[in-house]
Amino acid sequence: MPSTPVRFYQVGSFAAGNRLLDPSLRTVQSEQGRTNSLTSGHRACQGCGEALGARYVLDAAMRASAGQLVVVNATGCLEVFSTPYPESSWQVPWLHSLFANAPAAASGVAAALHAQGRDSVRVLAQGGDGATFDIGLGCLSGMFERNDDVLYVCYDNEAYMNTGVQRSAATPPAARTATTEAVGPEPGNSFGRGKDMPRVAMAHGIPYVATATVADLHDIEEKVTAAMAVRGARYLHVLVPCPLGWGAPPDQTVRLARQAKESGLFPVFTARDGEVTEVSPIRHRIPVDGYLRAQRRYRHLFEPEERTEDIARIQAMADANIARYGLLDPPQRGPQ
Amino acid sequence: MREQIEGSQAIARVVGMCRPQVVCAYPITPQTHIVESLGLQVKRGDITGCEFINVESEFAALSVLIGASAAGSRTYTATASQGLLYMTEAVYNAAGMGLPIVMTVANRAVGAPINIWNDHSDSMALRDSGWVQLHAADNQEAVDLHIQAFRLAEQLSVPVMVCVDGFALTHAVEEIDIPGQDQVDAFLPPFVARQRLDPAAPLTIGSMVGPDAFTEVRYLAHQRLRRATDLVPAIAAEFAGVFGRSRPGLLETYRAEGAETLVVAQGSVTGTLFDVIDDLRDSGVPIGAVVVTAYRPFPAVLSPTCCRGPLEWSSWTGRWRRGPAGSWRPTSARLCDRAPRARRSSPGSVADP
């Protein structure tokens, strides 16, 4: 398919296209010939983590599939901001059906392509955390269980941002949303038991599960490429900070994603056939305190007085992740 | 070839002859025999080039077909009752996107109270979803309608629901003329999608449409359904040419000549109705019947006719003496010489016109 030449600005090692790297190691985003699957001109907010994540993921998937890709999208911000009729930002064949059925519709696309003998065309489904953790979980579980040949990507911004920042099953404890306001004796979201979606995916024993953040372009692209090399049901979970919902300036999106990982709150790892095979270690460990302070959704933890007990519980969650995945240990290879 | 066969098995046989490429199955009584048989046919290799998918809900069943149809494959599933209502959101979505999916509804009551037996409440609830709704009066018609449904769906780019009375037809064993594969192939060409998801020519399907264009899009969907009022009889006539059996198209009349009263009905009750009309005619009562095959689009030709009924076969609430089948009456009543009365009847009480 035709590509749109782009100009890009080169900065440090985490950004698009480090000119000090060997050309073979440079990112898809640094290529003049990248597909711009989600092209410019869409209506996402400034600093949107999801728009960034979707572009990274799809351009990498397009390269991995040699341009033979069909994308199915759940209802949500990504769908709304990209396709205000009669405009579309998608440079790929793209289907949106409903909020809850993207995994099933993607299964259907894959089945149709297989029936037509067109197995070289690959299928990628994508949705936000609401579509993934909550309303679409049944269809997602069905797709996993049947091991349909679909890569499902969850762009997790930890709440229903499209409808105005309401709580989802991915909303972390204590976070303020429009349905978990920062009032009363337990301000913000309650401390539930959570829903660990990557683990839910792994429990299906599917061949490939991985987590990533928009802070590490090389890591996302490597994981998309690895996922596309596998047939069957695959799950990629990308943390995508939302300036609006998290209450942070647009220029903090990448930094917040990095802090979520470096604090241990968001473990970055790969699992194959239900077992963790690789973890991305914390480079410079930070306490959760700084990560929380940078976001208005946690302001009530620090004002009018500091809620030390709540902060300690969140720190304990990060510590548990660090221990569980060995995030401070040297990089690990092979099954744990 | 004429066979003594169960309705569901006969439907599954002809659906298989229509060469579907993606079939979804989720069990709900009384449609299960249909998808069971299709699963067997695919697994045995009787149907080739077909993906048979066991899904986790009716919502997923239709959603899988939405994806498969958008990718350019011929698609089929069957459901009933709670299952149809569980997939409601996808039913509207398939129609809105003009996807030519064919689905059997083995008509069954909607709970509570839970009831596996037949009425039309399920498909009536989806009356205005934008699907063509065809009602089979008997199992021969059920078989014939499924073949016509694929033609109609693909020619118009609309989804088609073939409504077959649960148990009364689905589980009834009777003599049915099962067509030959060559006949079906002659009647139903391979599916060529009007537009499909293809990396060679990227399309955006299912974009966000605001008020500026939404009414226009819905109007076009309405026009497509209106075109079906011409296309249904045309396809039925062509069907008669290939299969040597005349089919009713939008509706059929029974002993309507000289009738002062016409009873309107749809579905399997018409068999009983015809018997009753025969008895009454024998005793000199000028009565006949109109059988509605196409409930959506509704055959407008009915309006100026003086009719009794329709025989409601759905439970309804909140509207005095009128169920969904009778909702066309307010407009047609003005056109009648004699103001007709809606009448709710069960198959056993038709004999009192």
Side-chain angles (χ1 to χ4, degrees), chain A residues 1 37 43 62 65-73 75 79-118 120-123 125 136 138-143 145-146 148 150, chain B residues 19-24 26 42 47-57 59-75 77 87 89-90 92-94 96-97 99 101 191 193 195-210 212-214 216-217:
Chain A
M1 65 182 288
S37 311
R43 300 180 183 184
M62 280 291 276
S65 65
Q68 299 297 296
L69 189 70
V70 174
V71 178
V72 180
N73 214 123
T75 307
E79 166 259 330
V80 170
F81 75 62
S82 63
T83 66
Y85 180 85
E87 296 156 12
S88 173
S89 284
W90 299 103
Q91 308 297 304
V92 290
W94 183 91
L95 172 71
H96 160 249
S97 175
L98 296 167
F99 199 178
N101 74 355
S107 291
V109 173
L113 292 168
H114 184 64
Q116 295 164 13
R118 301 168 73 211
S120 61
V121 182
R122 309 299 299 279
V123 184
C139 285
L140 185 60
S141 175
M143 187 274 277
E145 173 271 319
R146 293 186 301 268
D148 292 335
V150 174
Chain B
R19 304 187 188 279
Q21 290 164 300
V22 178
V23 172
C24 277
Y26 187 80
V42 172
I47 307 172
T48 53
C50 178
E51 292 289 300
F52 180 84
I53 307 174
N54 284 289
V55 290
E56 70 283 355
S57 73
F59 176 70
L62 190 52
S63 297
V64 166
L65 297 191
I66 285 170
S69 188
S73 283
R74 181 174 287 165
T75 56
T77 192
M87 64 164 75
E89 193 188 9
Y92 273 78
N93 191 252
M97 294 203 282
L99 299 173
I101 296 163
F191 175 41
Q195 42 179 236
R196 65 172 186 172
L197 297 164
D198 186 359
L203 270 179
T204 291
I205 302 179
S207 65
M208 167 98 184
V209 177
D212 49 338
F214 186 79
E216 195 178 319
V217 172

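Lettering follows sequence order; numbering is per chain, from 1. Computed from a predicted model, the values in this text were never measured in an experiment.
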Check whether Ile53(B) gets within reach of chain A through its side chain, its backbone, both or neither, counting any heavy atom under 4.5 Å. side chain
Highest number of heavy-atom pairs under 4.5 Å with chain A among Ser73(B), Ser63(B), Ala71(B) belongs to Ser63(B)
Minimum-distance pair of heavy atoms, taken over all atoms of Asn54(B) and Arg146(A): O-CD, 3.3 Å
For chain B, which candidate among Asn101(A), Leu98(A), Val109(A) shows the most heavy-atom pairs at distances under 4.5 Å? Leu98(A)
side-chain contact (heavy atoms from CB on, under 4.5 Å) between Gln91(A) and Met62(A), worked out: CA-CA 10 Å; Gln91(A) 308 297 304; Met62(A) 280 291 276; over 6 Å; no
How close do Leu69(A) and Pro93(A) get, heavy atom to heavy atom, and via which atoms? O-CG, 3.1 Å
Between Gly67(B) and Leu95(A), what is the shortest heavy-atom contact and its length? CA-CD2, 3.9 Å
Contacting moiety of Ala111(A), where chain B heavy atoms sit under 4.5 Å: both
Is there a side chain to side chain donor-acceptor pair (under 3.5 Å) between Trp90(A) and Thr83(A) once you walk through the steps? CA-CA 8 Å; Trp90(A) 299 103; Thr83(A) 66; 5.5 Å; no
Region of Thr204(B) that comes under 4.5 Å of a non-hydrogen atom in chain A: both
Among Asn93(B), Asp198(B), Thr48(B), Val22(B), the residue with the most heavy-atom pairs under 4.5 Å to chain A is Asn93(B)
What is the minimum heavy-atom distance between Ala60(B) and Ala104(A), and which atoms define it? O-CB, 4.0 Å
Closest non-hydrogen atom pair, Phe59(B) against Ala100(A): CE2-CB, 3.5 Å
Run His96(A) and Thr75(A) through side chain to side chain donor-acceptor pair (under 3.5 Å) and show every step you take. CA-CA 7 Å; His96(A) 160 249; Thr75(A) 307; 2.7 Å; yes
Whatever's closer than 4.5 Å to a heavy atom in chain A on Ala213(B) counts as side chain
Greatest number of heavy atom pairs closer than 4.5 Å to chain B - which of Gln68(A), Glu145(A), Arg118(A): Arg118(A)
Honestly, the part of Val121(A) sitting under 4.5 Å from a heavy atom of chain B is side chain
Residue part contacting chain A, namely of Ala90(B), when any heavy atom lies under 4.5 Å: both
Atom group of Arg196(B) that falls short of 4.5 Å from chain A, counting heavy atoms: side chain
Determine the option with the most heavy-atom pairs under 4.5 angstrom with chain B, choosing from Pro84(A), Ala110(A), Ala105(A), Ser141(A). Ala105(A)
